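The block underneath contains the structure these notes are about, expressed in structure tokens.
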There are 2 protein chains.
Amino acid sequence: MTEATRRERLRAETERDIRRQARALLVARGRDAVTLRAIARELGITAPALYRYYDSREDLLRRLADDICTDLAAELNADLRQIGEDDISAQVYSVCRGFRRWALAHPQEFALVFASTEDTLGSCGPDGERGHVGDQFGRVFLEVAGRLIASHPLPTGIGADVPENLHADLAEFQQILLATVNDRGVAVDEQGLPLGAVYHMTQSWVRIYGHVALEVFGRFPFAVSNPEPMYDSMLAQILGELGFPPQP
Amino acid sequence: MTEATRRERLRAETERDIRRQARALLVARGRDAVTLRAIARELGITAPALYRYYDSREDLLRRLADDICTDLAAELNADLRQIGEDDISAQVYSVCRGFRRWALAHPQEFALVFASTEDTLGSCGPDGERGHVGDQFGRVFLEVAGRLIASHPLPTGIGADVPENLHADLAEFQQILLATVNDRGVAVDEQGLPLGAVYHMTQSWVRIYGHVALEVFGRFPFAVSNPEPMYDSMLAQILGELGFPPQP
DNA sequence: ACTGTCGGTGAACGCCGTTTACGAAGTTGA
DNA sequence: TCAACTTCGTAAACGGCGTTCACCGACAGT
């Protein structure tokens, strides 16, 4: 089973330890507190040793961001498993609420992964591709959203007047979505996932991300004493536009 | 006229120079490059001298954020002056497009002001109040949005089913809005700015901020080759929901 | 047993924020 | 005018930082 040599196992273990400590520092005292020396101190080694595992502090932060995406995806998937396989609307609620809950509980991680300029932190995910939400997390989100749309006859006029200039981009995204959903064993084609719906999904991500980021960064235009109903009402409206009845 | 002593003038001048250099560093090489020593070096003085003007680096960054808000507001106002006083719809387009243009042209500044966790950078604006979008900028935005709504009979059902729990918060925000708009000499009361419209305005800010932040941080779920029409189409929809005809 | 790689060390370089003691001007008031 | 005081700068120092480099012991493969 374990094809790894002793050396490789040890290496992988320290590698995990390093990121675990790095993450603890990020959570506790923010991005700037994630210093190589602090990590090393915590691990009982010296700072230069870390260069055997990471090219630089920036490299470490990049991989840390990957870890965070993976864990977020795992958390959302765990929530999903508690929901009936067929109640897709509830699954969407679960993922969206889970995303907000996670972001508010882990603002530093959220800022690192979802609010870093591209030059201070490359794209998240092992592939260097551009324009992805952190891969693992993105998959969960896209899959459930894609299944939602494909599962239901869409209201007429959904995503009406999608801008001409976006057809090409949306068509590409449509293919990614189809692949993602089909990977999960649900058969869908372009008919079940029309461009208008893909466009609507994009707009929904704008709203979900916008609300969560505004809340995390405290940039709502007034003091919202309890933002949760506002978020839920937004989700209800998004699902309502797709023809799903409201649901707590 | 100038009630300032010679000393005060000199002091204010250096203070501006400091922030000007700080800002240049922020733009050129990012937040982490805004170091006291680099600023001092650029100004031909030593780092401790900066403590005569600012309590700490963090304090400087806070005030820098204020400056940025002020400049952004000035830029948006300059654009506004080129538009007919009465074409409020065009004014809204101008402010919203200006915000996006500015954010894309100044990603580092955007990140500092609009995507900093509250503990790493206090609220923007001279008053320590919570829950404001950077004050100067916020004023421009709120004023034009408030005037837009008040200028027009609203479609029935706008902001239908605003969550009960938000009535109190929205009413408070409504008062702020009324004050802001009336300050500008436009007489409006609660009738012209109903809670549903205030709620719609909040949702619109979520979408506008969401789109801009996603674009700046490159976190759209797919590679959008030309995001501008997407943004414009979103604006058209927002205004359409308020009963305004589309307008390039 | 020999050889090479791997994962660690300690010293060093040049940054950084911040504090401290000190001095040289400018300002003020008798 | 001259003394006292305030303001704004300095140099030195402390501890912390990322990163590089030379070095070295332990392990792996032949």
Side-chain angles (χ1 to χ4, degrees), chain A residues 2-26 28-65 108 112 116 119-122, chain B residues 2-26 28-65 108 112 116 119-122:
Chain A
T2 149
E3 197 57 63
T5 73
R6 169 186 154 78
R7 272 250 246 261
E8 280 164 334
R9 267 186 294 109
L10 286 182
R11 184 182 176 85
E13 198 167 321
T14 1
E15 215 159 339
R16 271 201 316 278
D17 286 350
I18 293 172
R19 291 207 290 249
R20 200 157 43 79
Q21 288 298 342
R23 191 136 167 211
L25 286 166
L26 176 66
R29 318 208 333 267
R31 177 181 179 145
D32 289 351
V34 182
T35 71
L36 298 185
R37 291 187 129 107
I39 296 167
R41 212 178 299 129
E42 220 65 39
L43 258 52
I45 59 177
T46 60
L50 296 177
Y51 284 82
R52 301 295 178 188
Y53 299 89
Y54 301 95
D55 289 344
S56 65
R57 174 176 184 264
E58 205 187 329
D59 182 35
L60 193 158
L61 282 174
R62 243 190 311 272
R63 305 226 210 172
L64 187 54
Q108 307 286 359
L112 179 70
S116 291
D119 49 292
T120 57
L121 185 75
Chain B
T2 149
E3 195 58 66
T5 73
R6 170 184 153 77
R7 269 249 247 262
E8 280 164 338
R9 264 185 296 109
L10 286 181
R11 184 183 176 84
E13 199 167 318
T14 346
E15 216 159 337
R16 271 200 316 278
D17 285 350
I18 293 172
R19 291 206 290 248
R20 199 158 42 79
Q21 288 299 343
R23 189 134 169 212
L25 286 166
L26 176 66
R29 307 197 293 114
R31 176 182 180 145
D32 289 353
V34 183
T35 71
L36 297 185
R37 291 187 128 108
I39 296 168
R41 211 178 299 129
E42 220 65 39
L43 259 50
I45 59 178
T46 60
L50 297 176
Y51 283 83
R52 301 293 178 189
Y53 300 88
Y54 301 95
D55 288 345
S56 65
R57 174 176 184 262
E58 204 187 329
D59 182 34
L60 192 157
L61 282 174
R62 244 191 310 272
R63 306 225 210 174
L64 187 55
Q108 306 285 0
L112 179 70
S116 291
D119 50 293
T120 58
L121 186 75

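What you see is a predicted model, and the numbers here were worked out from it, not measured in a lab.
- Following rounding to the nearest Å, Tyr53(B) (OH) and dC8(D) (C1') show an atom-to-atom distance of 6 Å.
- Glu13(A) places its CD atom 13 Å from the P atom of dG7(C), with the value rounded to the nearest Å.
- Put simply, CZ on Arg11(B) is 14 Å from P on dT27(C), counting in whole angstrom units.
- Distance CZ (Arg37(B)) to C1' (dT19(C)): 12 Å, rounded to an integer number of Å.
- Per the geometry, CG belonging to Leu10(A) stands 13 Å off C1' belonging to dG8(C), to the nearest Å.
- For the pair Tyr54(B) OH and dC8(D) C1', the interatomic distance rounds to 15 Å; values are reported in whole Å.
- Nucleotide dT18(C) holds its P atom 9 Å from the CD atom of Glu58(B), rounded to whole Å.
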Open item on the list: Walk me through whether Tyr54(A) and Leu36(A) qualify under side-chain contact (heavy atoms from CB on, under 4.5 Å).
Closed with: CA-CA 10 Å; Tyr54(A) 301 95; Leu36(A) 298 185; over 6 Å; no
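- Counting only heavy atoms from C-beta on, Thr35(A) has its side chain closest to dC17(D) among dT10(D), dT18(C), dC17(D).
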TODO: Please assess Thr14(A) against Ile45(A) for the test side-chain contact (heavy atoms from CB on, under 4.5 Å), listing each intermediate value before the final yes or no.
DONE: CA-CA 11 Å; Thr14(A) 1; Ile45(A) 59 177; 5.8 Å; no
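- Contacts of Tyr51(A) with the nucleic acid, taken as non-hydrogen atoms under 4.0 Å apart, include base atoms.
- The shortest distance between the side-chain N/O atoms of Thr46(A) and the OP1/OP2 oxygens of dG8(C) is not below 4.0 Å.
- Listed candidates were dC23(D), dT19(D), dC8(D). Nearest to the side chain of Arg52(A) is dC23(D).
- Along DNA chain D, the nucleotide closest to Arg41(A) and the one closest to Pro48(A) are compared, and the more 5′ of them pairs with Arg41(A).
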Task: Glu13(A) and Arg9(A): CA distance, side-chain angles, deciding distance, side-chain contact (heavy atoms from CB on, under 4.5 Å) verdict - done: CA-CA 6 Å; Glu13(A) 198 167 321; Arg9(A) 267 186 294 109; 5.6 Å; no
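- Using a 4.0 Å heavy-atom distance criterion, Arg57(A) is classed as a sugar-phosphate-only contact.
- Across the protein-nucleic acid pair, Asp55(B) atom CG and dG17(C) atom P stand 15 Å apart, rounded to whole Å.
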- [ ] Would you check, one step at a time, whether the test side-chain contact (heavy atoms from CB on, under 4.5 Å) holds for Arg62(A) with Asp59(A)?
- [x] CA-CA 5 Å; Arg62(A) 243 190 311 272; Asp59(A) 182 35; 4.1 Å; yes
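- Between the CG atom of Leu43(A) and the CZ atom of Arg20(A) there is a distance of 8.0 Å, given to the nearest 0.5 Å.
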